[in-house]
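Indexing begins at 1, ligand by ligand and atom by atom, following the structure's order. Along the sequence shown, residues are numbered consecutively beginning with 1. If you're wondering where the values come from, they're calculated on a predicted model, not measured in any experiment.
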Amino acid sequence: MTSSDTEVSGYHCQVDRIRASSSRGGYSVIVGTDLLGRLGEVVDNELGVRPRAVVSNVTVAPLYGQRAAQALGTPPCLELEDGEVHKRWPTVETLCGSWLEQGLHRADSVLAIGGGVVTDTVGFAAAVYMRGISWVAVPTTLLAMVDAAIGGKTGVNLEGGKNLVGALWHPQLVVADVSTLSTLPERELAAGLAEVIKTAWIGDRSILRLLDRPVAAYCDCAPATWHELIVRSIQVKVRVVETDERESGPRKALNLGHTLGHALEAATEYRRLLHGEAVAWGLMAVESLARRRGLLTADSGALLQAALARLGPLPSIADLSWWRVLEAIVRDKKRDDLGVAWVLPTDEGVALDQRVSAAELQQVFAELQQT
Ligand SMILES: NC(=O)c1ccc[n+]([C@@H]2O[C@H](COP(=O)([O-])OP(=O)(O)OC[C@H]3O[C@@H](n4cnc5c(N)ncnc54)[C@H](O)[C@@H]3O)[C@@H](O)[C@H]2O)c1
Ligand SMILES: [Zn+2]
C-alpha cells in the first residue's frame with residue numbers, strides 16, 4: 001500500500017497515522033489492529049493527557065467500551081441507549097449532566113466509542129459542555145471510521161430532520177481499531193462500504209479495486225485489506241475537509257448520493273434504511289441522472305454500478321410514495337434560494353451545485369423502484 005508516509009513505528013503492528021489539520025489545530029487519525037487494549041499507551045503517545053470519561057452505548061460498551069475505560073483508567077463507561085432515535089437533545093443533556101456530576105472541567109476531555117450515532121452525539125455534547133471541551137473519537141463501525149468520526153461535524157437530530165442542530169468541533173484524536181469490525185453485523189458493513197464507494201469516487205478510484213468481492217466475502221477479509229481500505233478512505237476525507245472545512249465549496253462533494261439518500265431516510269421515518277443503504281440508493285440515482293445528462297460515460301457509470309451491486313440487495317423502496325420523497329428533498333438542509341443543490345458524478349470526480357428538475361428525478365426514482 002502507499003502508506004509509507006503515514007506508517008508509525010513503535011506500536012509492534014501496522015499502525016498508520018494520518019494527520020488532519022483544522023481551524024482548531026491539527027489532530028491525528030490512528031488506524032491499526034488490536035489497539036483497544038493498548039488505548040492508554042496510544043493516547044499517552046498521541047496526546048499525553050487521558051480523557052476522564054468514556055461514553056458508548058448499550059451494544060458497544062460490553063464489547064469494547066468497558067475495555068477502553070479500563071485501559072484508560074477512567075470510571076466505567078457511560079452506556080447510552082442504542083439507535084438513531086437517541087441522537088437527540090435529551091441525550092446531550094444526560095451526557096452533560098453526567099460530566100458535571102463527575103466534576104469535568106473545561107480542560108478535561110472525553111472519549112466516544114461506538115458508531116456514528118455515538119460519535120456525533122458525544123462530539124456535540126463535548127462542543128457545548130462548558131462552551132467546549134476536547135474529545136477523542138474511537139469509531140467502531142466502518143461508516144464511522146471512514147466518515148462520521150472524521151471532519152469535525154457533530155450534532156443531533158430534530159423532529160423535523162436529521163443533523164439539524166450541530167457544531168463543527170473536531171476531535172483531538174481519532175483511533176480506529178480495525179479489529180472491532182469483527183463483531184459488526186454484515187448489514188452494517190455493507191452500509192459502511194456504500195460510503196467507501198462514495199469516497200472512492202470523489203477522491204481515489206483505486207479504492208474500488210479493493211472492493212472486488214460480494215459483501216459476505218468481506219467478513220473473511222484479512223485485517224490488512226480492511227486496514228488499507230480504511231486508511232485510503234480516511235486520506236480522501238481528510239483531504240477534502242482540509243480544503244473546505246465549512247462546506248462552502250469542495251466539501252460539498254461528500255454529499256454525493258446524499259440528497260436522495262437523506263430524503264429516503266426521512267420518507268421511511270429512519271426505520272427501514274440504514275444511512276449507508278440510503279446513500280447507496282442515492283448513488284444509484286445520481287449515476288443515472290449524470291449518465292442521462294452526459295456527465296458520465298456508460299463505462300464510468302458501469303464501474304459505479306458494479307461497485308454498488310457488490311453491496312448486495314438493498315431494502316426495497318418499491319412502495320414509497322414519490323410525493324413523500326419529493327417533499328423530503330425540498331426540505332433538505334442543503335437547499336438554497338435556487339432550489340436543491342445536487343452533487344452528480346462525472347468521469348473524473350463530481351460536479352457540484354447541479355439543479356435537477358422534479359420531472360427528471362421522478363423518472364429516475366420510478367426506475368429505481370423497479371430494480
Ligand atoms: N459527522 C459526520 O460527518 C457524519 C458522516 C456520516 C454519518 N454520520 C452519522 O452517523 C450515523 C450513522 O453511523 P453508523 O452507521 O455508525 O450507525 P450506528 O452508530 O447506529 O451504529 C450501527 C449499529 O452498530 C452497532 N455497533 C457499532 N459498532 C459495533 C461493533 N464494532 N460491533 C457490533 N455492533 C456495533 C451500534 O450500536 C448500532 O447498533 C448517522 O447518525 C449519521 O447521520 C455523521
Ligand atoms: Zn453519509
>> Tell me whether the Zn ion (ligand 2) has Glu195 as a neighbour, meaning an N, O or S atom of it below 2.8 Å.
In response: yes
>> If you consider just the N/O/S atoms, which atom of His275 is the closest one to the Zn ion (ligand 2)?
In response: NE2
> Any side-chain donor paired with an acceptor under 3.5 Å for Asp82 and Thr59?
Replying inline: yes
> Which atoms of ligand 1 have any heavy atom of Glu84 under 4.0 Å away?
Replying inline: 40 (C), 41 (O)
> What part of Asp120, side chain from CB on, backbone N/CA/C/O, both or neither, has a heavy atom under 4.0 Å from ligand 1?
Replying inline: side chain
> Does even one non-hydrogen atom of Lys237 get within less than 4.0 Å of ligand 1?
Replying inline: yes
> Side chains of Arg19 and Ser28: is there a donor and an acceptor less than 3.5 Å apart?
Replying inline: yes
>> Quick test of your reading of the structure: of Val118, Val117, Thr154, whose heavy atom lies closest to atom 18 (P) of ligand 1?
In response: Val117
> Does the side chain of Val128 come within less than 4.5 Å of Trp169's, by heavy atoms?
Replying inline: no
>> Between Ser206 and Asp204, do the side chains contain a donor N or O and an acceptor N or O under 3.5 Å apart?
In response: yes
>> Evaluate Ile150 for polar contact with ligand 1, using N/O atom pairs at a separation under 3.5 Å.
In response: no
>> Taking 4.0 angstrom as the limit and counting only heavy atoms of Asn163, give me the atoms of ligand 1 inside it, by number and element.
In response: 43 (O)
> Is Arg292 paired with Glu367 through a side-chain N to carboxylate O contact shorter than 4.0 Å?
Replying inline: yes
>> Can you confirm if the NZ or CZ of Arg205 lies within 45° of the ring axis of Trp201 and under 6.0 Å from the centre of its six-membered ring?
In response: yes
>> Less than 3.5 Å apart, any donor N or O on the side chain of Glu242 or Ser21 sitting next to an acceptor on the other?
In response: yes
> Among protein heavy atoms, which sits nearest to atom 38 (C) of ligand 1, and what does the distance come to when rounded to 0.1 Å?
Replying inline: Asp82 OD1, 3.4 Å
> Which atoms of ligand 1 sit under 4.0 Å from any heavy atom of Lys87?
Replying inline: 9 (C), 40 (C), 41 (O), 42 (C), 43 (O)
> Taking atom types as modelled, is there a side-chain donor on Ser300 or Thr297 under 3.5 Å from an acceptor on the other?
Replying inline: yes
> Backbone, side chain, both or neither: what part of Leu143 comes under 4.0 angstrom of ligand 1, heavy atoms only?
Replying inline: side chain
> Thinking salt bridges, do Glu277 and Arg272 make one under a 4.0 Å N-O criterion?
Replying inline: no
> Should Leu142 and Trp226 count as side-chain neighbours, where that means a heavy-atom distance under 4.5 Å?
Replying inline: yes
>> Students should be able to answer this: which protein heavy-atom is nearest to atom 17 (O) of ligand 1, and at what distance?
In response: Gly116 N, 4.1 Å
>> Taking the ring of Phe124 and the ring of Trp89, is the distance between their centroids below 6.0 Å?
In response: yes
>> Return the closest protein heavy atom for atom 28 (N) of ligand 1 as residue, atom name and distance.
In response: Thr140 OG1, 2.7 Å
>> Side chains of Glu46 and Gln172: any donor to acceptor distance under 3.5 Å?
In response: no
> Which bit of Thr59 is near ligand 1, meaning a heavy atom under 4.0 Å away: side chain, backbone, both or neither?
Replying inline: side chain
> For ligand 1, which atoms have a heavy atom of Thr183 less than 4.0 angstrom away?
Replying inline: 30 (C), 31 (N), 32 (N), 33 (C)
> Under a 4.0 Å heavy-atom limit, does Glu188 contact ligand 1 with its side chain, its backbone, both, or neither?
Replying inline: side chain
>> Looking only at protein heavy atoms, which one is nearest to atom 5 (C) of ligand 1, and what is the separation?
In response: Ala148 CA, 3.5 Å
> What is the nearest protein non-hydrogen atom to atom 26 (N) of ligand 1, stated with its residue, atom name and distance?
Replying inline: Val60 CG2, 3.7 Å
>> List ligand 1 atoms under 4.0 Å from Lys162, heavy atoms only on the residue side.
In response: 40 (C), 41 (O), 42 (C), 43 (O)
>> Heavy-atom distances under 4.0 Å decide this one: backbone, side chain, both or neither, for Asn57 against ligand 1?
In response: side chain
> Is it the side chain (CB and beyond), the backbone, both or neither of Leu184 that lies under 4.0 Å from ligand 1, heavy atoms counted?
Replying inline: both
> Under 4.0 Å between a Lys/Arg side-chain N and an Asp/Glu carboxylate O for Lys162 and Glu265?
Replying inline: yes
>> Checking a contact table here: which protein heavy atom is nearest atom 16 (O) of ligand 1, and how many Å away?
In response: Thr141 OG1, 2.6 Å
> So, Thr183 versus Tyr64: side-chain donor-acceptor pair below 3.5 Å or not?
Replying inline: yes
> Is the shortest N/O to N/O distance between Thr180 and ligand 1 below 3.5 Å?
Replying inline: yes
> For ligand 1, which atoms have a heavy atom of Tyr64 less than 4.0 angstrom away?
Replying inline: 31 (N)
>> Show me which atoms of ligand 1 lie under 4.0 Å from any heavy atom of Asp147.
In response: 5 (C), 6 (C)
>> Within the structure provided, determine whether Val138 and Leu173 are in side-chain contact (heavy-atom separation under 4.5 Å).
In response: no
